Amino acid sequence: MKRRMKQILAAAMAVSMLTGTGLTAAAEEERMTISVIGIDWGYGPLPDSEMEQAWEDLFDVNLEIEWVSYQDYDQKVNTMISAGNIPDVVQINKVDGNYYYPIFTQAIDAGTFLDMTPYLFADGEGVAETNAVMKNWSEDFWDQAKYKEGIYILPRSKAEIAQQSGINVRRDLMKKYGYEEEPATMDELKDWLIGLSNAASEGEGEKIYALDFYTETNGLMGDRTKAFAIAFTGQTDWAVDENGDYQYMMLTDGYVDFLNWMKDLYDAGVLDPEFALANAETSKWKAGRSVAYLTAWYNWNQSADLTTQKIFDDSTADTLEAWCLMPVQGPAAYTVSPNYTDIDSCIAINAQCSEEKIQKIMEVFNGTEEAIPGYNLLMSDGVEGIHYTVLEDGTRATDDEQSKKRQEGYVGAWNQIFLKTDADQVTDKFMRDGARRASDESIQRAQDLKEFISTNLEETGMKNAIQNLQSATYSTQWGMITEDLNAMTTQYIMGQIDEATWNSYVESIVNSDDYKAIQQEFKDAAAAE
């Protein structure tokens with residue numbers, strides 16, 4: 001039993017000495033306990049922290065929460081699922097980009113997790129229909145939370161659109177070396193990157209690469225290059241062709257054109273020659289070592305003075321200026337990369353919970369500012385006097401002791417299990433009050449980016465076609481297929497194999513029994529929904 005409950009019982013015992021009543025009444029008033037497991041992203045939160053107690057007091061509940069290191073989380077949760085011993089609430093982590101992964105869906109099929117649909121949608125009276133945040137979520141967004149027409153994951157907010165669509169660039173170098181005219185096409189971007197990289201390398205007296213780039217675990221399908229590939233293929237990871245067949249991006253005709261685009265950069269000497277070694281530091285954009293960096297379109301939010309809110313590493317000069325290009329056009333699409341899913345985090349509920357507990361979970365985990373004034377501030381900054389101090393000018397400051405308590409209480413990270421407002425990165429990052437506010441010009445560019453990306457997604461309808469679909473062959477074989485495929489892309493860029501060899505290898509995969517089985521299994525899964 002937690003310290004707070006002990007305090008309640010101790011108080012009740014003291015009262016009983018004066019009133020003649022015993023502990024029976026106090027025991028009857030004991031709060032409902034909800035057990036939870038969530039991800040610790042490296043902060044080391046402590047159990048029964050003052051932040052945890054604040055949430056307990058707010059909702060009159062007893063939270064038995066276990067924060068597990070992200071490094072061990074998947075194994076921990078999957079072991080609990082396999083043993084049939086899960087807590088009341090489980091944060092679901094993405095596996096290969098998908099919340100609905102095989103072990104989780106097998107448990108759903110076995111009745112382990114609750115279908116929350118009846119609680120969310122109930123003729124206008126459900127949580128999703130009345131909650132101030134959830135009621136703004138579109139049908140398409142809720143479709144992303146479905147498995148076999150049931151909703152077994154409860155989103156915590158809607159992520160910012162097409163996050164990995166930003167071509168962040170060094171604007172100080174653009175100005176210094178006469179490259180302020182922004183490229184509009186992939187061909188122009190290639191020439192622009194090569195030219196500016198060479199000019200900056202000569203002028204700065206050190207190598208400044210074209211791209212912050214190295215091969216990631218998932219190779220060229222990673223965020224550092226995917227939007228560029230989309231420009232040549234017109235699709236993201238998986239798409240359905242005109243015949244209704246599922247096609248993987250790397251196996252389509254346009255993908256080799258993307259490889260040729262990357263190879264031109266490599267041949268020009270503006271990519272790290274050892275990019276295949278996954279050396280993340282050699283061409284690090286934030287360390288001033290690259291001209292450009294394909295990343296989130298909102299991750300260049302510098303303050304107007306370039307220093308109060310500094311995007312670049314502390315070791316760099318204060319003169320480094322960040323900017324973001326508008327998406328450029330390729331032969332098949334713009335460099336707009338849709339999210340694998342727009343659900344930024346989610347929870348699932350144990351199907352064995354009582355009706356009373358389910359209702360309490362829905363109350364506790366779906367709070368809003370509209371229903372509970374001060375909720376958003378508690379979510380972001382914790383408790384006044386414990387986690388921050390309000391200064392005379394109204395700003396919030398944190399001393400060393402408060403910072404320690406913020407870390408112990410996991411302040412700012414409860415939004416991965418509790419409901420939060422949908423992301424608005426333009427407001428949250430660029431339009432901050434005070435010294436951290438970006439320049440008017442940067443705010444306008446961020447607004448233009450968001451509008452362009454949103455309009456482009458609406459026009460193309462591009463999305464990952466296998467979202468929430470299950471394929472047994474994909475689960476067991478895909479990792480081996482893509483491991484070899486990723487190795488071939490590296491060899492192609494480095495000139496170790498030619499286009500004929502690449503095409504022959506792709507054809508062997510497309511005609512393989514495994515790939516055909518995967519395509520059919522996805523098609524069958526989609527038909528069953």
Side-chain angles (χ1 to χ4, degrees), residues 160 163-183 188-214 223-225 227-228 265 268-275 279-328 335 425-450:
E160 192 59 91
Q163 296 176 46
Q164 303 301 323
S165 303
I167 308 174
N168 290 6
V169 293
R170 286 275 304 279
R171 199 179 192 195
D172 56 301
L173 296 180
M174 293 168 60
K175 294 175 179 178
K176 186 174 183 179
Y177 297 106
Y179 280 77
E180 292 186 79
E181 183 176 350
E182 299 183 19
E188 290 178 6
L189 177 62
K190 179 180 65 178
D191 294 340
W192 188 88
L193 289 171
I194 293 172
L196 183 51
S197 172
N198 288 332
S201 295
E202 181 178 354
E204 302 299 305
E206 62 177 346
K207 187 64 177 180
I208 307 294
Y209 291 103
L211 294 173
D212 176 328
F213 172 63
Y214 63 93
D223 294 333
R224 281 175 166 79
T225 52
F228 296 147
L265 294 177
V270 297
L271 287 185
D272 175 11
E274 297 183 338
F275 72 89
N279 185 348
E281 298 300 317
T282 305
S283 61
K284 187 180 178 184
W285 183 78
K286 290 188 176 182
R289 299 191 179 110
S290 287
V291 168
Y293 177 27
L294 183 59
T295 183
W297 57 264
Y298 47 79
N299 271 356
W300 54 285
N301 55 307
Q302 274 183 301
S303 53
D305 62 8
L306 307 185
T307 57
T308 305
Q309 171 69 35
K310 186 172 183 177
I311 291 301
F312 298 95
D313 291 349
D314 290 338
S315 60
T316 61
D318 292 341
T319 54
L320 271 64
E321 183 178 357
W323 188 245
C324 190
L325 302 178
M326 294 297 291
V328 302
T335 53
Q425 299 291 0
V426 175
T427 299
D428 295 344
K429 286 182 175 287
F430 290 84
M431 301 178 69
R432 295 178 180 178
D433 292 331
R436 301 181 77 182
R437 186 179 179 90
S439 67
D440 291 343
E441 185 182 24
S442 292
I443 292 172
Q444 185 61 56
R445 172 52 61 98
Q447 292 171 334
D448 291 344
L449 282 163
K450 185 168 183 174

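Owing to the predicted nature of the structure, the values given are computational and were not obtained by experimental measurement.
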What is the distance from atom OG1 of Thr295 to atom CG of Asp212, rounded to the nearest 0.5 Å?
8.5 Å

Asp313: what forms a salt bridge (charged side-chain N to carboxylate O under 4.0 Å, His left out) with it, not counting sequence neighbours?
Lys284

Qualifying salt bridge (Lys or Arg N to Asp or Glu O under 4.0 Å) pairs, either residue in residues 189-198, two or more places apart
Lys190-Asp264

Please tell me whether Phe430 and Trp300 form a close aromatic pair, meaning their ring centres lie under 6.0 Å apart.
yes

Below 4.0 angstrom, N of the basic side chain to O of the carboxylate: do Arg171 and Glu441 qualify?
yes

Using a 3.5 Å distance criterion without hydrogens, assess whether the side chain of Thr335 forms a donor-acceptor pair with backbone atoms of Phe228.
no

Return the set of residues passing side-chain hydrogen bond (donor to acceptor under 3.5 Å, both in side chains) with Glu204 (not counting sequence neighbours), or none when no residue passes.
Lys176, Tyr177

List the steps and the verdict of side chain to side chain donor-acceptor pair (under 3.5 Å) for Gln444 and Asp448.
CA-CA 6 Å; Gln444 185 61 56; Asp448 291 344; 2.9 Å; yes

Output all residues satisfying side-chain hydrogen bond (donor to acceptor under 3.5 Å, both in side chains) with Asp314, sequence neighbours left out; order by chain, then residue number.
none

Is the side chain of Ser283 donor-acceptor paired with the backbone N or O of Phe213 at a distance under 3.5 Å, no angle test?
yes

Do Ser303 side-chain atoms and Gln309 backbone N/O form a donor-acceptor pair below 3.5 Å?
yes

Met174 side chain near Glu182 side chain, heavy-atom distance below 4.5 Å
yes

Taking side-chain hydrogen bond (donor to acceptor under 3.5 Å, both in side chains) as the test, write out the residues that go with Gln163, two or more places apart.
Tyr298

Backbone N or O of Thr282 within a donor-acceptor pair of the Lys207 side chain at under 3.5 Å?
no

Can you name the ring pair (Phe, Tyr, Trp, His ring centres under 6.0 Å) partners of Tyr209, sequence neighbours left out?
none

